[in-house]
Amino acid sequence: MAVLKWIGYGVLGLVGLAVVGVGAFVLFFDWNNTRGFVARRATAALGREVAIDGDLRVKLGNPIRIHIEGLRIANLPWSDEKDMVAIRALDATLLPWPILKGDWELPELRFEGPKVVLEKNDKGENNWTFAPTATKEVAKEAATPDKRGDIPVIGQLGIADGAIRYRDPTSDIDIANTINTATGDNATDTVKLEGKGSFAGKPFTLAAEGASLLYLRDDPKPYPIKIEAAVGKTKGKIEGSVAEPVAMRGIDLSVDLRGDDLAEIFPILGIPTPKTRPYAISGHLGYEGTRWSFQGMHGKVGESDLSGNLEVETAGERPKVTADLTSKRLAAQDLAGLVGASPRGNGDYPTKAKDRVIPATPINVEMLRNTDMDVRLKGQRVEAPFAPLDDLDMRVRLDNGDLHFDPLSLGIGGGRIAGTVQVDGSRKVPTLRTNLDIRKMQLSSFFRETSFAGQMGGTVSGRIQLAGSGNTVADLLASSDGKIGAAVDGGKISSLAVKGLKTNILETLGVVLSGSEPLPFTCLVANLAVEKGIARAEALVLDTPETVVAGQGTISLRNEALDLRVVGNAKSPQFFATHVPVLVGGKLADPDIGVDPTESAVRGGAAVALGVFLTPLASVLPFLDPGSDDQPHCGQLVRDARKPSNGGKASGGSAPTAKPSGSAK
């Protein structure tokens with residue numbers, strides 16, 4: 001880090017001032033008498049108060065021996081820490097003659113109790129930007145040497161009881177790292193650095209190893225380096241070489257990163273990711289100008305493989321992550337974090353109450369605003385125990401907190417769900433917008449591996465258009481407005497599924513079953529209008545050869561309560577049908593289905609002309625558009641609904657109005 005090099009040069013500069021600035025008085029004064037002079041010169045150079053509280057001793061010779069106690073560089077007023085740099089004791093040996101050529105050669109440099117505090121405040125201002133005058137440019141030039149030969153020659157370096165703290169509240173970073181040892185000399189050709197502390201409240205360990213400091217400065221070969229670090233359960237290993245370590249050019253490093261949850265890397269790397277299962281990723285790290293690259297990335301996240309390339313551009317107002325990723329085998333469970341759920345299971349994410357299923361995961365707007373992204377993810381084969389998925393094509397774009405999934409395309413059941421999703425975290429309260437289409441999905445494919453195989457069918461189409469605002473996923477849906485619709489064309493329902501219900505619902509509604517044969521139906525349409533989190537059934541119709549079943553009521557996205565009432569209407573006389581309304585209550589996680597004990601319909605003929613009964617479907621076609629070749633039956637049903645006078649022939653009676661038993665709030 002350039003600032004650490006700058007501090008190093010500052011300390012060396014103080015050593016030089018201690019020699020050059022008071023050299024004329026060496027024979028006449030106690031060295032401690034020069035502390036004020038040295039501190040004032042250093043204060044003027046840095047634009048920050050510098051003090052030497054303890055002894056200052058210099059022994060001239062070859063080499064010059066210097067001992068300084070209580071060296072301090074003041075922090076900025078907004079910091080809780082009084083000093084930015086505080087060194088209990090510094091001992092150095094300095095060769096005098098190279099100084100005349102502008103070179104620093106220190107056969108030995110030892111620090112006792114050095115403490116360095118690097119931090120930002122909540123406005124993003126840092127404490128390592130020094131004098132705002134011409135001195136600043138000099139300091140900047142000194143802090144960023146151009147080549148290896150510009151850095152001082154240090155033969156032996158020792159650090160005892162050292163501490164480095166880095167704080168950045170804008171990124172929720174707070175590192176407290178202690179440096180216990182740093183050893184190296186000409187003979188061993190290695191430098192070892194070991195540290196431990198905390199990072200964002202989690203245990204932090206560091207072990208670094210490289211060639212000697214002389215090798216770093218003078219050897220033309222790439223500088224070898226090996227680093228192992230851990231933050232909590234996140235572990236990283238970097239190994240390789242850097243051709244020009246000072247200018248950060250010629251980086252050739254292999255990286256291995258693994259941990260329990262990719263979301264935990266945000267405080268470390270600043271890259272926002274959803275919650276995941278354990279992962280292990282490796283690749284090749286490179287750097288050029290202001291761009292870091294992670295090429296040839298491969299590994300696993302949960303049960304999904306992942307490969308591709310990733311780059312991070314640091315020159316803009318915010319870092320920007322660009323990636324092109326591919327998964328040959330993508331487990332759908334590993335995508336749960338994208339919707340605020342947990343890939344580890346239902347009990348591993350918050351909900352509003354114990355009986356809820358909609359995630360109440362907070363929208364981390366600070367994380368969304370920290371980094372821009374443009375990431376493309378393609379899943380060649382998507383696997384899920386609950387649905388027949390095929391492939392995924394998703395582009396994630398994040399710009400100053402405004403998150404877009406566009407396009408979002410997922411193969412499912414021989415068809416596809418495609419469209420866009422937006423979560424705008426740039427506002428004080430995040431907003432959600434969805435526009436998703438479902439096309440050509442085959443209902444039968446969901447039951448291939450079950451006892452219902454061959455007895456369930458139909459072509460599904462639908463659309464989801466919602467807009468809401470809130471600080472959690474549950475709040476977004478609870479405040480949402482829009483529409484949700486689906487149509488199943490030319491299908492069938494297994495008799496086994498009907499017998500598995502608490503009561504024989506279909507027969508209660510007047511739907512005739514034929515033994516163990518599946519029940520055929522022409523069309524099933526569900527169209528829900530959502531207002532302030534309450535989804536109200538505008539059209540809920542099942543059309544079978546004998547009966548039209550219709551429902552009304554609400555589904556609350558606020559408390560996940562169901563309040564639906566369903567009635568059956570015969571197309572022709574049914575002398576043994578009860579036509580008792582059915583009530584659907586309970587919660588999304590545990591529906592309660594039963595008959596309405598307060599009302600029964602007259603046994604006998606058809607209750608209503610088909611066209612009149614299907615009138616609510618007249619408004620469905622513009623939203624669902626089921627009149628395509630994929631859904632000819634539903635298309636015809638909707639067209640019939642627009643011509644009530646041409647509907648089915650009624651034999652008498654009037655249509656009972658399907659009213660909900662209450663409102664879900």
Side-chain angles (χ1 to χ4, degrees), residues 260-263 272-281 283 297-310 321 323-346 348-349 357-359 361 373-398 403-423 434-450 452-453 456-464 473 484 486 488 630:
D260 273 5
D261 187 348
L262 263 176
T273 59
K275 289 182 67 65
T276 70
R277 290 186 285 179
Y279 66 92
I281 298 174
M297 181 178 69
H298 63 278
K300 292 191 68 175
V301 179
E303 296 180 7
S304 306
D305 66 86
L306 192 65
S307 60
N309 300 313
L310 182 147
V321 178
D324 190 356
L325 307 176
T326 300
S327 176
K328 295 181 179 179
R329 177 181 179 270
L330 180 61
Q333 186 175 350
D334 293 321
L335 299 173
L338 293 174
V339 295
S342 170
R344 300 173 187 267
N346 293 336
D348 196 44
Y349 64 88
V357 295
I358 299 177
T361 308
M373 299 180 70
D374 188 351
V375 177
R376 193 70 179 258
L377 172 62
K378 293 185 178 181
Q380 296 180 3
R381 188 181 78 207
V382 183
E383 299 179 354
F386 55 85
L389 304 180
D390 297 317
D391 62 296
L392 172 71
D393 188 359
M394 177 175 69
R395 184 182 182 186
V396 181
R397 290 180 296 160
L398 177 60
L403 177 65
H404 290 257
F405 295 85
D406 183 12
L408 175 60
S409 179
L410 175 65
I412 178 170
R416 186 158 293 276
I417 298 177
T420 63
V421 175
Q422 177 191 11
V423 178
T434 66
N435 187 5
L436 298 171
D437 283 337
I438 304 171
R439 290 291 179 262
K440 299 182 181 180
M441 191 168 68
Q442 301 302 312
L443 190 62
S444 60
S445 62
F446 286 81
F447 301 94
R448 288 179 196 160
E449 307 298 327
T450 72
F452 301 145
M456 302 289 284
T459 302
V460 184
S461 70
R463 183 172 295 178
I464 302 172
V473 176
I484 303 174
V488 185
D630 299 317

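No hydrogens, no waters, no symmetry mates; every other heavy atom, side chains included, goes into these values.
- Counting only heavy atoms from C-beta outward, the side chains of R376 and P407 approach each other to under 4.5 Å.
- Evaluation of the salt bridge (charged side-chain N to carboxylate O under 4.0 Å, His left out) rule for D391 yields R416 as partners, not counting sequence neighbours.
- Using a distance-only test at 3.5 Å, with no hydrogens or angles considered, a donor-acceptor pair links the side chain of S304 to the main chain of A331.
- To the nearest 0.5 Å, the span separating CG on L330 from CE on M394 amounts to 8.0 Å.
- Checked against salt bridge (charged side-chain N to carboxylate O under 4.0 Å, His left out), K378 has no partners two or more places apart in sequence or in another chain.
- The closest donor-acceptor contact from the side chain of Q380 to the backbone of S327 lies at 3.5 Å or more, if one exists at all.
- Among the candidates V382, I417, I412, the single residue satisfying the side chain to side chain contact (heavy atoms under 4.5 Å, CB included) test with L392 is V382.
- Among residue pairs with one or both ends in residues 331-342, those qualifying as salt bridge (Lys or Arg N to Asp or Glu O under 4.0 Å) are R277-D334; sequence neighbours excluded.
- Taking CG from L306 and OG1 from T326, the interatomic distance works out to 8.0 Å, rounded to the nearest 0.5 Å.
- E383 is listed as a side-chain neighbour of R329, based on a closest heavy-atom distance under 4.5 Å.
- Residues V396 and L377 are not in side-chain contact: their nearest non-hydrogen atoms beyond the backbone lie 4.5 Å or more apart.
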- [ ] Report the C-alpha separation of L389 and L410 in whole Å, then their side-chain angles, then the decisive distance to 0.1 Å, and conclude whether the side-chain contact (heavy atoms from CB on, under 4.5 Å) test is met.
- [x] CA-CA 7 Å; L389 304 180; L410 175 65; 4.1 Å; yes
Chi angles and distances behind the side-chain contact (heavy atoms from CB on, under 4.5 Å) call for L262, K275 | CA-CA 6 Å; L262 263 176; K275 289 182 67 65; over 6 Å; no
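- Nearest heavy-atom pair across G413 and S445 is CA-OG, 3.0 Å.
- Residues satisfying the salt bridge (charged side-chain N to carboxylate O under 4.0 Å, His left out) test with D305, not counting sequence neighbours, are none.
- Partners of D260 under the side-chain contact (heavy atoms from CB on, under 4.5 Å) rule, at least two apart in sequence or in another chain, are K233, P278, R344.
- Taking the side chain as every heavy atom from C-beta outward, V301 and I281 approach each other to under 4.5 Å.
- Annotation: side chain of Y279 is not in contact with side chain of K300 (no heavy-atom distance under 4.5 Å).
- The closest side-chain heavy-atom distance from H404 to L398 is not below 4.5 Å.
- When every heavy atom of K440 is checked against every heavy atom of T459, the shortest pair comes out as CA-CG2, 4.0 Å.
- Every residue was checked against the salt bridge (charged side-chain N to carboxylate O under 4.0 Å, His left out) condition with D390, not counting sequence neighbours, and none meets it.
- No donor-acceptor pair under 3.5 Å is formed between the side chain of D324 and the backbone N or O of N309.
- Looking only at side-chain heavy atoms (C-beta outward), F446 and M441 come within less than 4.5 Å of each other.
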Using the rule given for side-chain contact (heavy atoms from CB on, under 4.5 Å), can you reason through T420 versus L408, listing the C-alpha separation, both sets of side-chain angles and the distance that settles it, and then say yes or no? CA-CA 6 Å; T420 63; L408 175 60; over 6 Å; no
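- Inter-residue side-chain proximity for R439 and R463 is flagged as met; some heavy-atom pair is nearer than 4.5 Å.
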Practice problem: Step by step, work out the side-chain contact (heavy atoms from CB on, under 4.5 Å) result for R397 and D406. | Solution: CA-CA 8 Å; R397 290 180 296 160; D406 183 12; 3.5 Å; yes
